[in-house]
Structure formats: structure tokens, C-alpha cells
Amino acid sequence: MLQMHFIFSDKAVLLFDFWRVHSPTGMALSVLVVLLLAILYEGIKVGKVKLFHKTLENLPNTSSQQLILGSDQDSTGSGSTSANGTRLRWFLWYLGQSLVHVIQVVIGYFVMLAVMSYNTWIFLGVVLGSAVGYYLAYPLLNMT
């Protein structure tokens, strides 16, 4: 029977059927893993913002609006090669951002599902991991 309230227990099933916890040592290791996942989640959030800013910095100011809007006003002459290279570079940065976003979503759902085990120890591990991850990752936003 699935518990629908938070319990203090050293027995739980987390995320997958093979991740069964039966002892205090196993629970401590599981809390550590979930804590590290929460820290990683916070780090990825900051990394995604930094990647977005890097993408914007990577585009020349004159062609960034054209690339975002998709207009081909500059498609003739020698500027075409430069525009194509800029478009390719923008596409690769955007693809990187998309992959980082997918990783962030997957880890976020894993953390959420771990909390939905209604185990208080796991919940506290997620809360502590989020706090530590934010504390460690947030100052990286101000670094240039």
C-alpha cells in the first residue's frame, strides 16, 4: 500500500523498482544520491542561463535580429558566407541549449518523483540539496 503522507522510515522504493531501500545505511546513501541530484539540478539551471548569455554574446549585433526573425535580406554577395556561418553557430548554440534543457527536465522529474515517495528523509535531502546547490551555483551567474 502506497503511503499518502510523509513518514520517517528507512524502507522505501525510489524511482525504479530495483532501487529498494531496506536499511538505515541504504537510506543514508539514497539521501546522498538525491541530495547530489538536487545540487546538479540547481547547477544546470545556472549553466543554462550562462549558456543563453554566451549564445547571445556569440552573435554579431547586426545579424542577431535577422537570425532570430529569420529574414534573408543579406543573402547576396560576399556577406552570405558570413551569414551562413553565423546561422550555423547560432543553431549549434541553440541545439546545446535544448539538450541542456532536456537534461534539466529529466533530473527535475527524478527529484520530484523521489519526493513523491513521501519519505521524510528523502524530502529533507532534496530540500538540503536544493539549498546547497543554489548557494554554490548562484554566485557563478555574476562571474563573467
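The figures that follow rest on heavy atoms only: side chains count, while hydrogens, waters and symmetry mates do not.
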Kindly work out whether a path of hydrophobic side-chain contacts (I/L/V/M/F/W/Y, heavy atoms less than 4.5 Å apart) joins W121 to M112. yes

Side-chain donor/acceptor of K50 to backbone N/O of L140, under 3.5 Å: yes

How are the rings of F6 and Y118 set relative to one another: parallel (under 30°), tilted (30 to 60°) or perpendicular (over 60°)? perpendicular

Hydrophobic cluster membership, with links at side-chain heavy-atom distances under 4.5 Å among I/L/V/M/F/W/Y: are W19 and I122 in one? yes

N/O donor to acceptor pairs below 3.5 angstrom from side-chain atoms of residues 94-110, sequence neighbours left out:
unit_1, atom_1, unit_2, atom_2, d
S98, OG, Y94, O, 3.1
H101, ND1, K48, NZ, 2.8
Q104, OE1, K48, NZ, 3.0

Restricting to side-chain contact (heavy atoms from CB on, under 4.5 Å), what partner residues turn up for V49, sequence neighbours left out? H53, L141

Residues M27, N119; criterion side-chain contact (heavy atoms from CB on, under 4.5 Å); working and verdict: CA-CA 10 Å; M27 182 55 70; N119 187 296; 3.2 Å; yes

Which atom pair, heavy atoms only, marks the closest approach of S30 to V21? OG-CG2, 3.2 Å

When hydrophobic residues are tied together by side-chain contacts of less than 4.5 Å, even through go-betweens, does F8 share a cluster with V127? yes

Run the side-chain contact (heavy atoms from CB on, under 4.5 Å) test on I44 and L40 for me, step by step, so that the C-alpha distance in whole Å, both residues' side-chain angles and the decisive distance to 0.1 Å come before the verdict. CA-CA 6 Å; I44 288 174; L40 180 64; 3.9 Å; yes

ILVMFWY cluster, V46 and Y135 together (side-chain gap under 4.5 Å): no

Could you walk me through whether Y41 and S130 satisfy the side-chain contact (heavy atoms from CB on, under 4.5 Å) test, starting with their C-alpha distance in whole Å, then the side-chain angles of each, then the deciding distance to 0.1 Å, before giving a yes or no? CA-CA 8 Å; Y41 179 78; S130 293; 5.9 Å; no

Applying the 4.5 Å side-chain criterion to the ILVMFWY set and letting contacts propagate, would L128 and V33 be lumped into a single cluster? no

Among L37, L35, V34, which residue satisfies the side-chain contact (heavy atoms from CB on, under 4.5 Å) criterion with V126? V34

So S117 and V13, side-chain contact (heavy atoms from CB on, under 4.5 Å) or not? Walk me through it. CA-CA 7 Å; S117 70; V13 177; over 6 Å; no

Atom NZ in K45, atom OH in Y134: separation rounded to 0.5 Å? 8.0 Å

Those residues that, when tested against L32, pass side-chain contact (heavy atoms from CB on, under 4.5 Å) (two or more places apart): L36

State whether the side chain of D10 and the backbone N or O of G26 hold a donor-acceptor pair below 3.5 Å, judged by distance alone. no

Search all heavy atoms of P139 against all heavy atoms of L136 and return the closest pair with its distance. CD-O, 3.7 Å

